[in-house]
Structure formats: C-alpha cells, structure tokens
Colleague: 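Sharing a structure, written as structure tokens. Questions coming.
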There are 2 protein chains.
Amino acid sequence: MKYIDKLRNSGLRPTKQRLLICEVLFNNEKTFHFTVNELERKIKDKINNKISLATIYNTVHAFEKKGYLKQIPVNSNQTYFDTNITDHHHFYNLKDGKLIDLENSDVGPINIKRKIDGKKIKSIEVLVKLED
Amino acid sequence: MKYIDKLRNSGLRPTKQRLLICEVLFNNEKTFHFTVNELERKIKDKINNKISLATIYNTVHAFEKKGYLKQIPVNSNQTYFDTNITDHHHFYNLKDGKLIDLENSDVGPINIKRKIDGKKIKSIEVLVKLED
DNA sequence: ACAGCTATTTAGAACCATTATAAACTACAA
DNA sequence: TTGTAGTTTATAATGGTTCTAAATAGCTGT
Ligand SMILES: [Mn+2]
Ligand SMILES: [Mn+2]
Ligand SMILES: [Zn+2]
Ligand SMILES: [Zn+2]
C-alpha cells in the first residue's frame, strides 16, 4: 500500500480506517475541499462497512496536525478542509457554500507592511466572496 | 437619543434593547471585534436588567443585514463580528484567538486576476495568522 | 507465534454555539 | 384608544464537534 509508509513515518499506525481515508482524500487527480459530513458520505460510497464518525474526526485532525490537510477560514457552521496544502487562496460562493481554489499566481504578491511585536506570520490567506 | 433615527431609517423599531446594544456597539472611540458571548458580557456590565440572549442574536443579525456589523471569517467555534465596517483585513493571533485590524493601506492592493463566470466579487478579505 | 503494551476505534453521551418556537409585550399608525 | 405587526423572551431544539471509556488492533521484544 502506498500510504503505509507515509503514515508510519508520521508516527501514525496504518490502520485500515486511516488507509481507507487516505485513499479517499489523497488518491485523486485533483485536490478538493470538504466538510467532515461530506467526507463521511464519500467514505460510505467507497465501502460497505462503515467508519465511525469519531474516527473520521480523529483522523482528519491527526492529518491536519501532520500538515496533510489544511483548514480554510470561512464563516460556516461547518469546518472546511482542503487536501491542497500548498499556499493558495479561495473564492467562496455565498450561494451554495462551495470553495474554488485561487492560485497564488492569480493574486498579486501580498505584502504585509505592518509587523506585530513578538509574533511571526504563519500564513496569509485571501478569501474572495462571490455573489450573483 | 442618537440611535433612534438610525434604527427608524433602517426599518428597525428603536426598542430599548436595540438602543442599549447600539450604545455598547457604536458609542465608542474605537471599533472592536467581538463574539456574541463577549457582547453579552459587555451588555451585562452596562445595565442591571438583562437582555435575552435570543434578542442579542436577533439584533446582531439584524445589524449585520443592515450593514452595521460585519462577520469576520476565521476558524473558531464562535462567530466573530466587527464594528469596523470599512474594507480592511485582520491579523489573527492563534495563541489567544484575538483579532487585530490590518488596514488596507498596510496591505498592498490586491488584484484578483481570475474571474468566475456569472459571479461578482462581493469582498476580498485577508487573514494573517500569527504565531510566536 | 505469543505476550504485553500502547495506540486506535467505536457507540454513545456530552457539549455548546446557534436557531426555532410560541406566547407575552410593545411601538406605532389609524 | 385600539388594532396590528414587530419585537422580546424563556425555553426547547438543532447540529457540528468533542469526550468517554470499553473493545479492538498494531507493534515490539521474546
Ligand atoms: Mn482541528
Ligand atoms: Mn449571521
Ligand atoms: Zn483550496
Ligand atoms: Zn476588524
């Protein structure tokens, strides 16, 4: 399996639940955005025996901590995750709550002129809200 | 009262609850960021007879719809609001969950080169996450 | 292969911010 | 004043997320 080493090297035991979730998340042509509920549906579509919702949450958070997933800051009652972990930005379609990647090259370089004492910049994220 | 007309002109009846909330939100030297729970505390500090939490939610949403408040997109279990309704951006201190205004002039002009068919850009917001 | 240990999974309960409900109250216009 | 629609309120319901603690599974050393 192609994800066993990835997990072991991260100090995560390659359980069959995690391997299945890796398949769903990372074995795709394109990266994508998802909520935990959407991920649960994708997992159910893939297999017959289900994975507990608690495990899905555990795994998503474990992967996020290891840097294999990112959370996207949007106003929603659900948390949005991204399998695209490169530096990039987002369109947010207010109509249907869907996100669209906005590559760094599609946004001019962002230069934050102000500094905050004793703090380092961890990330700079642009959210472009779309309406009709 | 200075907020009676503002409310009437917005089609909102100037109830004593709304007027009190206006005082807390808008009668300040500086704008500020808040969650509904923080606002509830500020209101309790100001008066003895309390305002129902449901009314606080109702009012915040009414003011947001009228454009007197903005919601700020961050990853948190609580919704962050802003009494600063000008176009601007934010630092987000991951340590304590506090927001700091980042004026447009402290960020270079942001030029979104990509267009989405049939959609208009409603807002462009930059979130700069801070760590130690 | 086995034992022992720790990590992980799981069902279900708990949590908690937010929203819905529906009855009492209030601003306002006729 | 009176009627009506708008508003407030206590309280219940909702729903995403986290917690719990018991069962299970991966791993290391023998
Ligand atoms: Mn998380
Ligand atoms: Mn709102
Ligand atoms: Zn993305
Ligand atoms: Zn602000």
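Sequence lines set the chain letters: A, B, ... in the order given, protein chains first and strands last, and positions in each chain run from 1.
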Colleague: So, is Lys50(B) close to the dA10(D) phosphate, meaning a side-chain N or O under 4.0 Å from OP1 or OP2?
Modeller: yes
Colleague: Should we count CG of Asp96(B) as having more than 12 external heavy atoms under 6.0 Å?
Modeller: yes
Colleague: Just compare dA17(C), dA10(D), dA11(C) and give me whichever is closest to any side-chain atom of Ala54(B).
Modeller: dA10(D)
Colleague: Establish, with yes or no, whether the OP1 or OP2 oxygen of dG16(D) is under 4.0 angstrom from a side-chain nitrogen or oxygen of Asn37(A).
Modeller: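 Answer is yes, contact under 4.0 Å.
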Colleague: Provide, to the nearest angstrom, the distance between the CD1 atom belonging to Ile43(B) and the P atom belonging to dT8(D).
Modeller: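 Roughly 11 Å, once rounded to whole Å.
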Colleague: Scan the side chains in residues 98-113 of chain B for donor-acceptor partners under 3.5 Å anywhere in the protein, sequence neighbours excluded, and list what turns up.
Modeller:
residue: Asp101(B); atom: OD1; partner: His33(B); partner atom: NE2; Å: 2.8
residue: Asp101(B); atom: OD1; partner: His88(B); partner atom: NE2; Å: 2.9
residue: Asp101(B); atom: OD1; partner: His90(B); partner atom: NE2; Å: 3.1
residue: Asp101(B); atom: OD2; partner: Asn84(B); partner atom: ND2; Å: 2.9
residue: Asn104(B); atom: OD1; partner: His89(B); partner atom: NE2; Å: 3.0
residue: Asn104(B); atom: ND2; partner: Asp87(B); partner atom: O; Å: 3.2

Colleague: May I ask you to verify if any side-chain N or O of Gln17(B) is less than 4.0 angstrom from the OP1 or OP2 atom of dT9(D)?
Modeller: yes
Colleague: Does Asn58(B) reach a base, just sugar-phosphate, or nothing at all? Heavy atoms under 4.0 Å.
Modeller: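 Touches a base.
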Colleague: Which whole-number value in Å describes the distance from Leu39(A) CG to dG16(D) P?
Modeller: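 Rounding to the nearest Å, CG of Leu39(A) and P of dG16(D) are 14 Å apart.
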Colleague: Looking only at atom types and distance, does a side-chain atom of Ser10(B) sit under 3.5 Å from a main-chain N or O of Leu12(B), one as donor and one as acceptor?
Modeller: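 No; judged by distance alone, with no hydrogens or angles, the pair does not exist.
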Colleague: For Lys65(B) and dT7(D), what is the distance between atoms NZ and P respectively, to the nearest whole Å?
Modeller: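 Checked: the NZ to P distance equals 12 Å.
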Colleague: Are His61(A) and dT17(D) close enough that a side-chain N or O sits under 4.0 Å from OP1 or OP2?
Modeller: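 Indeed not, no polar side-chain atom of His61(A) lies that close.
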Colleague: From CD of Glu40(B) over to P of dA10(D), roughly how many Å is that when rounded to an integer?
Modeller: 11 Å
Colleague: Where the side chain of Leu12(A) is concerned, which of dT18(C), dT9(D), dT8(C) is the nearest nucleotide?
Modeller: dT8(C)
Colleague: Quick one: which protein N/O atoms are closer than 3.5 Å to N/O atoms of nucleotides 23-27 of chain C? Pair and distance per line, please.
Modeller:
residue: dA27(C); atom: N3; partner: Arg13(B); partner atom: NH1; Å: 3.0

Colleague: Could you give the CG-to-C1' distance, from Asn75(B) to dA17(C), as a whole number of Å?
Modeller: 16 Å
Colleague: Excluding sequence neighbours, so at least two apart, what forms side chain to side chain contact (heavy atoms under 4.5 Å, CB included) with Lys16(A)?
Modeller: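 By the side chain to side chain contact (heavy atoms under 4.5 Å, CB included) rule, Lys16(A) matches Asn49(A).
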Colleague: For a quick check of understanding: with a heavy-atom distance under 4.0 Å over all strands, which category does Thr35(B) fall into, base, sugar-phosphate or nothing?
Modeller: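 Result for Thr35(B) = nothing.
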Colleague: Main chain of Arg13(A), side chain of Arg18(A): is a donor-acceptor contact present, judged purely on distance under 3.5 Å?
Modeller: yes
Colleague: If I take atom CZ in residue Phe34(A) and atom P in nucleotide dT17(D), what distance separates them, rounded to the nearest angstrom?
Modeller: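 After rounding, the reported distance stands at 11 Å.
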Colleague: Given dT18(C), dT9(D), dT17(D), which nucleotide is nearest the side-chain atoms of Ile51(B)?
Modeller: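 Ranking dT18(C), dT9(D), dT17(D) by closest atom to the Ile51(B) side chain puts dT9(D) first.
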Colleague: Return the minimal non-hydrogen interatomic distance between Ile72(A) and Asn75(B), and the atom names on each side.
Modeller: O-ND2, 3.1 Å
Colleague: Determine whether the side chains of Thr83(A) and Tyr68(A) contain a donor N or O and an acceptor N or O closer than 3.5 Å.
Modeller: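 On atom types as modelled, these side chains do not qualify, holding no pair under 3.5 Å.
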Colleague: Using whole Å, what does the distance between atom P of nucleotide dT10(C) and atom CZ of Arg18(A) come to?
Modeller: 11 Å
Colleague: Could you please name the option among dT18(C), dT17(D), dG16(D) that lies closest to any side-chain atom of Asn77(A)?
Modeller: dG16(D)
Colleague: Ignoring hydrogens and angles, write down the donor-acceptor pairs under 3.5 Å from the side chains of residues 34-42 of chain A, residues two or more places apart or on other chains.
Modeller:
residue: Thr35(A); atom: OG1; partner: Glu38(A); partner atom: N; Å: 3.2
residue: Thr35(A); atom: OG1; partner: Gln78(A); partner atom: NE2; Å: 3.3
residue: Glu38(A); atom: OE1; partner: Thr35(A); partner atom: N; Å: 3.1

Colleague: Please confirm whether the shortest side-chain N or O distance from Tyr57(A) to OP1 or OP2 of dT18(D) is below 4.0 Å.
Modeller: no
Colleague: Taking the six-membered ring of Phe26(A) as reference, does the cationic atom of Lys6(A) (NZ for Lys, CZ for Arg) lie under 6.0 Å from its centre and within 45° of its axis?
Modeller: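 Checked: cation-pi criterion met.
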Colleague: Rounded off to whole Å, could you give me the CD1-to-P distance for the Ile47(B) and dT8(D) pair?
Modeller: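 Rounding to the nearest Å, CD1 of Ile47(B) and P of dT8(D) are 12 Å apart.
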Colleague: With sequence neighbours excluded, tell me which residues meet side chain to side chain contact (heavy atoms under 4.5 Å, CB included) with Lys95(B).
Modeller: Lys119(A), Asn93(B), Asp132(B)
Colleague: Work out how much the helix from dA1(C)-dT30(D) to dA30(C)-dT1(D) bends between its end axes, five pairs an end, to the nearest 10 degrees.
Modeller: 30°
